[in-house]
Asks: 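Just passing along the structure, written as structure tokens.
By convention in this document, chain letters (A, B, ...) are assigned in the order of the sequence lines, proteins followed by strands, and residues within each chain are numbered from 1. For clarity, every value in this text was computed on a predicted model and none was experimentally measured.
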Amino acid sequence: MIATKILKQRESLPVFSYRQEIIDAIKKENLLVIIGETGSGKTTQIPQYILEGFENCRLIGVTQPRRIAAITVATRVSEEHGTRLGEDVGYSIRFDDCTSSKTRLRYMTDGVLLREATLDTQLEQYDIIIVDEAHERTVETDVLFGLLKATHRLRPELKILIMSATLNVEKFSDFFNGCPIFFIPGRTFNVNINHHRDAKISSLKSTYVQRAVETALYVHTQESPGDVLVFLTGQNEIDKACRDLIAREKDLDYRTDVKYADEVRGMVVYPIYSTLETMEQKAIFDDPPRYTRKIVFATNIAQTSVTIPGIKYVVDSGFVKQKSYDPTTGMDALLVVPISQAAATQRAGRAGRTAPGKAFRLYSRESFEKLDEETVPEIQRSSLLSTVLSLKKMEIKDILNFEFIDPPDPLLVKNALRQLFLLGAIDNEGKLTSLGDEMSIFPLSPFLSRALIASARQFGCSKEVMTIVSLLSVEEVFISPRTEKKQTEADERRKEFYHPSGDHLTLLNLFEAYQDNGHSREWCRDRYLNHRTLSTAKNIRDQLRELMIKHNIPLISCRKKNSHNDEREKKKRKLNYLDAKYDSIKILESFSTAYYINIAKRHSHRPVFYHYASARSPGNEYVDANSSLLALHISPVSALFPENRVVKMDDLDWVMYHNMLYTNKALMKVVSRVNLEWVEEKLKLFKELENARLDGSSVAKESEDKIVENDSEKNDAKNKEVIEENERKNQRLEAIEAARQRALNRRTVNE
DNA sequence: CATACGAGG
């Protein structure tokens with residue numbers, strides 16, 4: 001009975017009528033692009049057709065951009081196939097490998113396949129690779145494209161399928177040697193799109209939240225029953241929009257103001273964004289109470305990752321919060337930017353999943369037509385440090401000429417190469433060193449891999465560094481509450497963990513305490529620590545330990561003997577956890593082997609710091625501490641933040657920082673003290689950069705030198721601009737700060 | 001004093 005039902009469901013999918021044609025096409029072609037619109041069933045069905053139609057196929061790999069997709073699709077397909085999950089059909093994601101020797105169809109994240117490719121570039125165990133959701137253009141997908149194209153030359157019998165939902169299909173086919181395209185129509189409903197009459201997107205930036213609320217209210221009062229999804233950009237504005245809309249509803253008289261008052265008599269309003277613990281609160285996914293309209297304010301999470309059922313109306317602000325990496329400064333920026341046409345289309349499509357719908361765009365048709373056609377692929381706005389190390393590990397020598405479907409700015413590649421050289425992962429000819437080979441074992445930022453290996457091979461403290469590295473691989477563990485009172489309390493609780501050397505040891509303290517308290521959720525909540533984040537860090541730590549054991553990298557602790565006898569010492573320092581338990585110098589030295597690239601010296605009489613060198617900006621390396629004008633401040637959550645009074649500022653000279661955030665000033669986020677003697681030898685590498693030929697290409701040297709020259713001239717000019725702008729910014733900030741101080745002093749006198 | 005859109009190993 002069940003089997004018949006499943007078969008009926010499978011046969012009702014749009015893709016079913018193309019079953020034989022698809023099988024024939026795959027038999028004939030080793031490179032194939034399949035376009036399947038949302039709801040066509042391509043992800044679950046096509047791999048099964050292969051499973052059923054290709055008897056000699058050993059293993060099929062299907063990549064997904066998201067873990068959750070790999071799990072749910074594999075579960076579904078194993079059900080349809082009539083076997084247990086992990087037998088014929090399984091999935092493989094980080095921390096969770098649900099496959100066996102019997103597995104012939106393996107759903108996996110694109111990241112997992114990429115890591116497999118670093119160990120076996122030919123992907124020998126697979127007969128067919130399917131890259132699904134290719135239109136999402138993750139960094140991993142883009143790298144896989146280049147890799148698979150190269151693999152096709154050496155292993156032409158490997159079948160490569162690219163599956164995508166985009167309409168802009170020729171691009172994939174062009175990239176894969178003009179291979180055939182197979183089109184499967186989808187099953188979605190018509191969405192009527194309404195643009196604002198004249199609003200330009202540039203003028204919306206300061207008003208879109210308010211306009212989105214008004215538009216949601218308009219839909220609520222004027223349109224027939226059906227739920228509403230509103231796209232905004234971030235947590236703050238979503239919370240505000242929810243409050244505003246609820247307030248506006250209070251003024252409604254349903255009898256006179258609401259057109260469909262017979263069926264629409266109330267509303268429920270929900271926010272949704274990734275950090276929301278209430279993601280598990282199912283209400284968002286449930287039907288609203290009868291006669292009630294559900295209105296959801298969402299980030300981009302609702303564009304691809306989360307499907308909310310019952311949506312009939314979409315309100316599109318036209319904006320998204322997007323990370324972009326600036327290769328000239330080496331800093332990430334998180335900015336609100338206009339979306340692309342492709343994204344706008346995808347957002348609108350969310351209104352047509354179960355019935356015909358309507359989309360309301362807060363911007364005009366003219367503005368829509370001026371938007372970029374496609375979103376800039378992630379690979380063109382990310383740091384390529386890890387990617388380039390992986391490619392080096394796969395013995396791709398000339399990375400500047402690696403075949404990317406959309407090549408990143410050469411500056412991004414060059415900067416990654418420079419940093420890998422400074423980390424010792426490649427030599428001055430761009431060749432992977434044995435150190436670099438070892439670094440590529442770990443799924444970590446190469447900076448952290450470097451520190452971890454130093455702690456194991458040189459400093460005998462890899463157990464502790466492994467813990468700290470895990471915590472540095474996850475998002476912020478400290479929660480910042482919204483209310484002032486709770487914020488003060490959170491600040492207080494954090495002090496329990498502060499270590500006088502800075503934040504690296506603070507994180508170690510914190511994790512030890514988390515372990516000692518049985519990973520308790522309650523314990524975390526009381527201390528304003530993010531339990532979910534700490535639990536991820538624990539998983540990463542376990543994985544790192546496994547990898548170290550597997551690759552014979554020593555696991556050594558620098559825990560001191562008799563450390564339990566130092567109660568008096570602890571009291572003296574007013575630190576109630578673990579101080580003096582470890583050889584903290586060794587731990588910091590391990591980190592300094594990588595983070596010498598990020599060291600800064602304190603200003604002679606103010607608590608601000610200046611870069612020693614900026615490896616990230618070509619033409620600007622090896623600058624003297626006093627000649628670089630950008631003032632670096634210590635983050636307020638840091639143990640070393642002056643007002644936390646863990647250390648005397650006069651005792652601080654040099655510090656190293658894990659990362660930097662630029663908002664209205666430059667903030668160093670995870671900071672520890674460092675001795676200049678530890679890193680003096682390393683700093684000489686900056687000089688060596690000048691003569692190194694890292695790009696691995698020796699052809700056309702002369703003309704290339706010219707290009708480099710021009711590049712660096714351009715960069716010099718740009719850097720000068722940046723520095724001057726920063727200087728002006730700092731002067732303004734200093735003036736404001738002085739005024740604030742004067743005002744404070746006056747108030748104190750008055751009181 | 002004030003990051004935090006989403007995803008991944």
Asks: Please confirm whether the backbone N or O of A:Phe231 pairs with a side-chain atom of A:Ser317, one donor and one acceptor, at under 3.5 Å?
Replies: yes
Asks: What integer distance in Å separates A:Gln487:CD from B:dT3:P?
Replies: 11 Å
Asks: Name the nucleic acid region contacted by A:Val112, choosing base, sugar-phosphate or nothing; use a 4.0 angstrom heavy-atom cut-off, strictly under.
Replies: sugar-phosphate
Asks: When you measure from the side chain of A:Thr299, which nucleotide among B:dC1, B:dG6, B:dG9 comes out closest?
Replies: B:dG6
Asks: Would you mind telling me which of B:dA4, B:dA7, B:dG9 lies closest to the side-chain atoms of A:Leu334?
Replies: B:dA4
Asks: Tell me, which of residues 468-481 of chain A have any heavy atom that sits under 4.0 Å from an atom in DNA chain B?
Replies: A:Glu475, A:Glu476
Asks: Choosing from B:dT3, B:dG6, B:dG8, which nucleotide comes nearest the side chain of A:Leu661?
Replies: B:dT3
Asks: State whether the distance check finds a donor on one side and an acceptor on the other, under 3.5 Å, for side chain A:Glu136 versus base B:dG8.
Replies: no
Asks: How many Å lie between CG on A:Asp142 and P on B:dA7, as a whole number?
Replies: 19 Å
Asks: Is the phosphate of B:dA2, meaning OP1 or OP2, less than 4.0 Å from a side-chain N or O of A:Lys665?
Replies: yes
Asks: Hey, would you say the A:Phe145 and A:Phe172 ring centroids sit under 6.0 Å apart?
Replies: yes
Asks: What is the separation between atom CZ on A:Arg350 and atom P on B:dG6, rounded to the nearest whole Å?
Replies: 14 Å
Asks: At under 4.0 Å between heavy atoms, what does A:Gln303 touch on the DNA or RNA strands: base, sugar-phosphate, or nothing?
Replies: nothing
Asks: Identify whether any heavy atom of A:Arg94 sits under 4.0 Å from a base atom; if not, whether one sits that close to sugar-phosphate; answer base, sugar-phosphate or nothing.
Replies: base
Asks: Over all strands shown, is A:Ile93 touching base, sugar-phosphate only, or nothing at heavy-atom distances under 4.0 angstrom?
Replies: sugar-phosphate
Asks: Could you give the CG-to-P distance, from A:Asn300 to B:dA4, as a whole number of Å?
Replies: 16 Å
Asks: Checking contacts here: which listed nucleotide (B:dC5, B:dA7, B:dT3) is nearest the side-chain heavy atoms of A:Ser305?
Replies: B:dA7
Asks: Under 4.0 angstrom, heavy atoms only, what part of the nucleic acid is A:Leu667 near: base, sugar-phosphate, or nothing?
Replies: sugar-phosphate
Asks: Looking only at atom types and distance, does a side-chain atom of A:Ser638 sit under 3.5 Å from a main-chain N or O of A:Leu640, one as donor and one as acceptor?
Replies: yes
Asks: Is a donor on one side and an acceptor on the other found under 3.5 Å between the side chain of A:Thr103 and the backbone of A:Arg106?
Replies: no
Asks: Separation of A:Leu389 atom CG from B:dG8 atom C1', in whole Å?
Replies: 16 Å
Asks: Just how far, in rounded Å, is P of B:dC1 from CD of A:Glu484?
Replies: 12 Å
Asks: When you measure from the side chain of A:Arg66, which nucleotide among B:dC1, B:dG9, B:dA7 comes out closest?
Replies: B:dA7
Asks: Between A:His603 and A:Tyr610, how do the two ring planes meet: parallel, tilted or perpendicular, split at 30° and 60°?
Replies: tilted
Asks: Side-chain N or O of A:Arg67 less than 4.0 angstrom from OP1 or OP2 on B:dG9?
Replies: yes
Asks: For A:Tyr208 and A:Phe319, I'd like to know if the aromatic rings sit close, meaning centre-to-centre distance below 6.0 Å.
Replies: yes
Asks: Check this for me, if you would: do A:Glu237 and A:Lys321 make a salt bridge, where the nitrogen-to-carboxylate-oxygen distance has to be below 4.0 angstrom?
Replies: no
Asks: Hey, can you pull the residues of residues 228-244 of chain A with a non-hydrogen atom under 4.0 angstrom from DNA chain B?
Replies: A:Thr233, A:Gly234, A:Gln235, A:Asn236
Asks: So does A:Asp239 pair up with A:Arg243, basic N to acidic O under 4.0 Å?
Replies: no
Asks: Does B:dG9 have OP1 or OP2 under 4.0 Å away from a side-chain N or O of A:Ser386?
Replies: no
Asks: Using salt bridge (charged side-chain N to carboxylate O under 4.0 Å, His left out) as the criterion, list what pairs up with A:Glu374, not counting sequence neighbours.
Replies: none
Asks: Let me know the distance between CZ of A:Arg115 and P of B:dG8, rounded to the nearest Å.
Replies: 16 Å
Asks: If each of A:Gln543 and A:Lys323 is mapped to the nucleotide of DNA chain B with the nearest heavy atom, which maps nearer the 5' terminus, i.e. the 5' end?
Replies: A:Lys323
Asks: Could you please name the option among B:dA7, B:dA4, B:dC1 that lies closest to any side-chain atom of A:Pro636?
Replies: B:dC1
Asks: A:Gln341 vs A:Glu373, test: side-chain hydrogen bond (donor to acceptor under 3.5 Å, both in side chains). Steps then yes/no.
Replies: CA-CA 5 Å; A:Gln341 291 182 3; A:Glu373 268 181 49; over 6 Å; no
Asks: Salt bridge or not between A:Lys669 and A:Asp503? Use side-chain N to carboxylate O under 4.0 Å.
Replies: no
Asks: Without decimals, in angstroms, what is the distance between A:Glu133 CD and B:dG8 P?
Replies: 13 Å
